[in-house]
Amino acid sequence: MTEELEKLYKDFEDTVRKNMPSASLENIRRAFDYAYKCHDGQKRKSGEPYITHPLAAAKIIAEMGIDEESVIAALLHDCIEDTGSTHEEIEKLFGKDVAEIVEGVTKLTRVTYTSKEEEQMENFRKMLLAMAKDIRVIIIKLADRLHNMRTLEYHTEQKQREKALETMEIYAPIAHRLGMQKFKWELEDRSIQFLDPIGYKAIAEGLKKKKEQNETFFDNVQTKITERLAENGIKCTVYGRIKHIYSIYRKMYSQNKTFDEVLDLYAFRVIVDDIADCYNVLGYIHDMYRPIPGHFKDYIGTPKPNMYQSLHTTVLGTEGIPFEVQIRTWEMHQTAEYGIAAHWKYKQGIKGTGDEEKFAWIRRLLETQQESDAQDFFKELKTDMFSDEVFVFTPQGDVINLPAGATPIDFAYNIHSAIGNRMTGAKVNGRIVPFTQILENGDIVEVITSNASRGPSRDWLKIVKSPEARNKIRQWFKKERREENIEHGKAMFEEELRRAGIPMQDVTNDENLPRILKRVAYPNLDDLFAAIGYGGASAQKSVNKIREELRTIEKAKKSDLETVLTQQQPKPAPKKEHPVHGIVVEGVDNCLVKFSRCCTPVPGDDIVGFITRGFGVSVHRRDCKNYIRSVSNPEEKDRWINVKWANTDSEKYTTAIHITAKERSGLVMDIAMVLNSANLKITSFNARDVGNGMSTATVVLGVRNSIELKSTMAKLNSIKGVTEVTRGQE
């Protein structure tokens, strides 16, 4: 082993000794030697020995002081996946629990997917299952991802963006939901560094310029608070910090501010010994500085679902600078930093501690995903993971936490599904309110029920905010109203078919139906209609899948016919194709060709031709609205003809890009610089303000193919303030 690696191990061992004095250093060393042997000869992208990665992950676990098994599992977490090591061998050497944790971490990376939505849903589903079984699996996976993000600069730019986006969409929300704020902040900051390097650099440089000013401000406030509390006999630790970069980034872009316009950059923490002192400190802080109305939150009396507890208040400093003060005990501080990991440290394990309710959200989310397709589940899960909470009360004084924007319907279903199903009205603070009433912190909510109630309304699915309530409403319709669901779902399905121009007989004929049912994953059409009726499936998505399957069937038939004809007839000499403007028209030679201005196709787009009256063939994209509308018209359906791109990259094709952005000075110059750096010919460029602080720009330009076009659109999308880049019309 190299001297450098020995030094890294000694540093890791010191961390274990400091945070886990009861851990067996002998067992941990044995696990390290085993992992070192397994990974011998493997290198990381940085060129370092691979063992440095599991060692770094194990050090992160040791810093949290969870338990010996977690540290050993972190050292071994890649052995099954990347080496010849087996579950049985690890169990024999290090015990069943360690082997189960390592196997759990390994399973989170062992799946092949057919779509991005399926991948995202499966990643979340596996993590929820792993959490339900042993929370340490996820803690190790987060440590693994954290170290990978710390060394992401050694990967390609494409890989950096993919990993950063996955981290922002999956791992940061998981860390947030587990209360692991220290992990969440670093994961977010390192992700935005690669997703928007220009924005990240601007904030980092802005903070660097203010470093001296910040230090003076921190010292002054910290000294004043410490001295005041000491005078009153309160033992405390006070320190200040700059809010993390992603928090500043999100505020700048959501509120359309520059870095210099973001004032509340500062936060102070006051850590005391007991809860009584927390409220005493709050009084002294409000006496020293003027509190800003509406900016006080008591998370001690009403903890967040992820166990976070603290008093938050925002005050105005003597220099006129606002800053936040968080007041908490040392145990609360550990929980705020490490969430469930700190909880594990205090309780020495989850089983038997009576804290099962803290993890009930995992069970609820697993139940929800059974009734959702990939896209809906992923959307609802991210909402549940990252949404702000609102705390309301039952008439008996029990605290109920709901997602921000929740209604009395969400409240009723949170109490019990039977309460929601029999709900006929609601009172908030003693007054009758509509079902659409948005609940606010501190509201006292009373649900009015009746045994004569006919059950929930379908409109409730559009009103409720929580995935749990939506799932329970769908379950009721699924169970109680099958015939009504079938009728309702069939009407929605047939309406979507009409929009898509697909005759119902194409779906129901004996040849196509078995393949269509397999594609939509239902045993028969009635089950599909019922699912659409109660909200468990989308009519639009189902019809899209059916359209794709019918195209596949049609292609297969055409291919079979061509095979038969080829076998029956002598093979004619191939006819030479003569492209016009880079387009080959099926069955027609040297035909007049023009490109439609409604969708401006370029090479790489899926295209189709329309036989015009007197002007040859007009070429459209297959996703063009005019094509989709016209192809279902019986009078025009037969005028559409197959066309294709010739194999040429020499020509440039005119197309249009529409840009929507937040209004700011220099926007047009930034767009022009991106287009100029891409060396594209610009035919026209129009920009204007459209009100509400927004601007639009339409650019008509020449490109060789769709790859060049997509690359240009991606660059435009990265410009500061740009909210959307789409293909438009000339």
Side-chain angles (χ1 to χ4, degrees), residues 157-158 160-161 164-165 168 191-209 245-263 595-605 621 623-625 651-730:
E157 188 176 335
Q158 176 66 22
Q160 287 172 350
R161 289 185 63 82
L165 187 62
M168 193 71 88
S191 295
I192 205 65
Q193 183 179 357
F194 295 102
L195 292 173
D196 186 357
I198 296 173
Y200 178 90
K201 186 179 178 183
I203 296 171
E205 288 179 350
L207 291 173
K208 191 175 180 180
K209 287 177 185 176
I245 289 179
Y246 180 66
S247 174
I248 299 169
Y249 177 92
R250 196 168 57 182
K251 184 160 287 188
M252 284 171 60
Y253 285 90
S254 65
Q255 299 177 10
N256 197 23
K257 290 182 175 180
T258 64
F259 176 78
D260 291 328
E261 291 172 330
V262 178
L263 297 177
F595 294 94
S596 66
R597 298 182 65 180
C598 56
C599 59
T600 58
V602 298
D605 290 334
R621 301 204 317 259
D623 60 355
C624 174
K625 291 180 181 178
E651 294 191 46
K652 287 209 170 188
Y653 297 80
T654 300
T655 190
I657 296 175
H658 187 70
I659 304 159
T660 305
K662 294 175 182 176
E663 180 186 338
R664 66 172 176 86
S665 60
L667 176 65
V668 172
M669 180 63 71
D670 288 349
I671 294 172
M673 286 177 67
V674 168
L675 296 173
N676 185 55
S677 66
N679 198 24
L680 299 173
K681 181 184 176 184
I682 311 301
T683 305
S684 71
F685 187 159
N686 296 308
R688 63 190 180 93
D689 295 336
V690 293
N692 295 324
M694 301 298 290
S695 301
T696 63
T698 301
V699 186
V700 179
L701 69 167
V703 295
R704 289 185 178 85
N705 50 48
S706 61
I707 296 173
E708 191 174 52
L709 176 61
K710 288 175 183 175
S711 173
T712 302
M713 291 173 71
K715 290 174 183 175
L716 290 169
N717 222 346
S718 67
I719 293 173
K720 177 184 174 183
V722 170
T723 58
E724 186 179 37
V725 179
T726 57
R727 293 179 66 173
Q729 66 180 60
E730 293 183 48

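This is a predicted model, so every value here is computed, not measured.
For the atom pair M713 CE and T726 OG1, the distance stands at 6.5 Å (nearest 0.5 Å). Note that CD1 of I192 and CE of M168 are 4.5 Å apart. Values are rounded to the nearest 0.5 Å. From L716, atom CG reaches atom CG of L675 across 5.5 Å, with rounding to the nearest 0.5 Å. To the nearest 0.5 Å, atoms CD1 (I719) and CZ (R664) are separated by 7.5 Å. Between T696 atom OG1 and I659 atom CD1 the span is 9.5 Å, to the nearest 0.5 Å. Within the model, atoms SG of C599 and CZ of R597 stand 12.5 Å from one another, a figure rounded to the nearest 0.5 Å.
T723 contributes a side-chain N or O that, together with a main-chain N or O of T660, makes up a donor-acceptor pair within less than 3.5 Å. Looking at T712, its side chain does come within 3.5 Å of a backbone N or O of E708 through a donor-acceptor pair. T655 places a side-chain N or O within donor-acceptor distance of the main-chain N or O of T600, the cut-off being under 3.5 Å. Between the side chain of R161 and the backbone N or O of L195, at least one donor-acceptor pair lies under 3.5 Å.
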Derivation and outcome, side-chain contact (heavy atoms from CB on, under 4.5 Å), residues T654 and F595: CA-CA 9 Å; T654 300; F595 294 94; over 6 Å; no

I would like to know whether I671 and L667 meet side-chain contact (heavy atoms from CB on, under 4.5 Å); could you show each step before the answer? CA-CA 6 Å; I671 294 172; L667 176 65; 4.1 Å; yes

Walk me through it: do L709 and I657 pass the test side-chain contact (heavy atoms from CB on, under 4.5 Å)? CA-CA 9 Å; L709 176 61; I657 296 175; 3.7 Å; yes

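Taking all atoms of both residues into account, the shortest heavy-atom contact from G199 to Y249 is CA-CE1, 4.4 Å. Taking all atoms of both residues into account, the shortest heavy-atom contact from V602 to N705 is CG2-C, 3.9 Å. The heavy-atom pair separating P601 from R621 by the smallest distance is CB-CG, 3.7 Å. Here the closest non-hydrogen pair linking F194 and A164 is CB-CB, 4.1 Å.
R727 and D605 are joined by a salt bridge, as a carboxylate oxygen and a charged side-chain nitrogen come within less than 4.0 angstrom of each other.
Shown here is I707, whose CD1 atom has no more than 12 heavy atoms of other residues, nucleotides or ligands within 6.0 Å. Within a 6.0 Å radius of CE in M694, other residues, nucleotides and ligands contribute more than 12 heavy atoms.
In this structure, the side chains of F259 and L207 come closer than 4.5 Å at one or more pairs of heavy atoms. The side-chain heavy atoms of V722 and D670, taken from C-beta on, include no pair separated by under 4.5 Å.
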